[in-house]
Number of protein chains: 2
Amino acid sequence: MAEAKPRSPPDRKFVTALSRGLEVLRCFGPRDRWLANQEIARRTGLAKPTVSRLAYTLTRLGYLRSSEATSKYALGGAAIGLGFAALGQMDVRRVARPFLQELSQYTKASVHLAVNDRLSMQVVDTYWNSASFVIDIGSRVPVATTSLGRAWVSSLPAPERKRILEAMRVARPADWPVNRKRMEQAFRDFDAHGFCFGLGDWRREINAVAAPLLLPDGAGPIVVGVSGAAFQLEQDVLKRDVGPRLLALLGNVRSGLSPDRELEGG
Amino acid sequence: MAEAKPRSPPDRKFVTALSRGLEVLRCFGPRDRWLANQEIARRTGLAKPTVSRLAYTLTRLGYLRSSEATSKYALGGAAIGLGFAALGQMDVRRVARPFLQELSQYTKASVHLAVNDRLSMQVVDTYWNSASFVIDIGSRVPVATTSLGRAWVSSLPAPERKRILEAMRVARPADWPVNRKRMEQAFRDFDAHGFCFGLGDWRREINAVAAPLLLPDGAGPIVVGVSGAAFQLEQDVLKRDVGPRLLALLGNVRSGLSPDRELEGG
DNA sequence: CACCTCGTTTCGTACCGCGAAACCACGTGC
DNA sequence: GCACGTGGTTTCGCGGTACGAAACGAGGTG
């Protein structure tokens, strides 16, 4: 939704129909598997017939599938294919794997690799050893209240940083005062140490530390984080042991990516 | 102006611009990370300015990102987000995990969970213990030459089966004679045992067995497969030990999914 | 049956997206 | 320096596409 500017858009390059179709796909969060036409219309702010046509198109292309009993849609196989095509191109994952595994073993905690998507961090790799608590691949966690998210925001240049904070404020005005305070603390942490903390404010009893990895290929920053039971990962441990190890890991990963084969699609 | 339109079907419901935009995204295979405007135009058969506009739109929405040096695009974070949103709704994965892990341990081989996307099988979960060869999450393998693909085709009703085979024939005419023979053998295997084999014809020295899991939620069949070194997983072992265990596993998974909470979105 | 609710189809019109051609921006050879 | 080649973007008028109000249809309920 939003973006509804029927009068003013001098942006002749922007293809509205495409944008709307993708907006329909975006409706499907992890929470809602089946959405009715009307619900999609409500969420996107589009007219019913429009949704009907877009959904029809998406279904024909395999991005949606419709329940037999009709009138409900769910994400289809093509959507998965698309996401994994994107995932497969992140050779960071391949390079980082052994390091992440090792760190996971050492810390006896979970190690995550995440990318940003709007106001969420999308976990694209997970390693754990005996942790009872697992953020699975595919999980999404909020930017605002996790170390993963804070590390990501911290790594952005000032203007983008500001845009994100503004978006956060608008999205959850009630939480903004506390979020803002925590975020500013995160910036200080990042400047001082190079990593950010998450101390029980996403989930009680879960502490975490995370740091961004900037790649030279123009992609958004990737974030690596360690999380585990608070009694095991006290802030002091995170700051003095886990955090520095995390930074060392990032250095290893960075040099593991051959620095000269950029933009080579082959 | 009266009369007919000789060209496209009068499918007033189909939104062309959306379809084209998604076609652009589809260009990006695992092979090609960066695509130039022209290359996209070539692959999709669209006119250059059209591609330019679609790419612009997709970039603004986060589905693509453009290299600094301009003129090249790669898949962006939103694409990943979309795929994982779809993935997160497959609670099969959650339920199946312990069983898959156990089977992986028992067989000392890799165990995969895959869904179909056109002529590929998309691996959405992987378990391995000490296997040297790993098909990672996100890998795609061909339908035609793998046990995963064969099991999937075997599970389809006759008409769809036919359609897929036809698509396979068109896509790779040269390989069709041998593929057809193998596929027919796969159908016989499936009828006889309930699973299909892959014996070194995708990768030498890799044997595999796979079986489909049909879920009551109207989704396409999901496929579970075991693969490993040929000398460890001889066909006889696959047929007499691993295969039956695989079927038992599917039974467990199926009953693990509470059979009555269908179509219930959040 | 009348009366909901929700999804799809119709249909005329506004306007959106299309693509030939012009326009740029870089490289490259001479 | 210039012509030339290549590859991407912008212009702009036209055709037809996608939009959405309203009509239609399909289930469900009293």
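In the text below, chain A, chain B and the rest are named by the order of the sequence lines, each starting its count at 1. What you see is a predicted model, and the numbers here were worked out from it, not measured in a lab.
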Undergrad: Return the nearest nucleotide to the side chain of A:A17; candidates are D:dA22, D:dA18, D:dG8.
TA: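 It is D:dA18.
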Undergrad: Looking at A:S52 and A:K48, would you say the former's side chain and the latter's main chain have a donor-acceptor pair under 3.5 Å?
TA: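 Judged by distance alone, no pair lies under 3.5 Å.
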Undergrad: Does any non-hydrogen side-chain atom of B:D32 lie less than 4.5 Å from one of B:R43?
TA: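 They are in side-chain contact.
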Undergrad: Specify the separation, in whole Å, of atom CG of B:L18 and atom C1' of C:dC16.
TA: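 Interatomic distance, CG of B:L18 to C1' of C:dC16: 15 Å.
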Undergrad: Kindly say whether A:A55 contributes a backbone atom to a donor-acceptor pair with the side chain of A:T59 at under 3.5 angstrom?
TA: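 It does hold such a pair.
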Undergrad: Over all strands shown, is B:R20 touching base, sugar-phosphate only, or nothing at heavy-atom distances under 4.0 angstrom?
TA: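 Contact class for B:R20: sugar-phosphate only.
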Undergrad: With a 4.0 Å cutoff (strictly under), does any side-chain N or O of A:K13 reach OP1 or OP2 of D:dT9?
TA: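 So the side-chain polar atoms of A:K13 never come under 4.0 Å of the phosphate oxygens OP1 or OP2 of D:dT9.
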Undergrad: Report yes if at least one side-chain N or O of A:S52 is closer than 4.0 Å to OP1 or OP2 of C:dT9; otherwise report no.
TA: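 For C:dT9, neither OP1 nor OP2 has a side-chain N or O of A:S52 closer than 4.0 Å.
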Undergrad: Rounded to the Å, how far apart are A:Y56 OH and C:dT10 P?
TA: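 Answer to the nearest Å: 12 Å.
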Undergrad: Roughly, in whole Å, what's the span from CZ in A:R53 to C1' in C:dT10?
TA: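 Taking CZ of A:R53 and C1' of C:dT10, I get 11 Å after rounding.
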Undergrad: For C:dC16, does OP1 or OP2 lie under 4.0 Å from any side-chain N or O of A:R12?
TA: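 Answer is no, no contact under 4.0 Å.
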Undergrad: Between atom CG in A:L35 and atom P in C:dG7, what is the gap in whole Å?
TA: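 Those two atoms, CG and P, are 11 Å apart.
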Undergrad: Is the shortest distance from a Lys or Arg side-chain nitrogen in B:R42 or B:E39 to a carboxylate oxygen in the other one below 4.0 Å?
TA: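 Yes.
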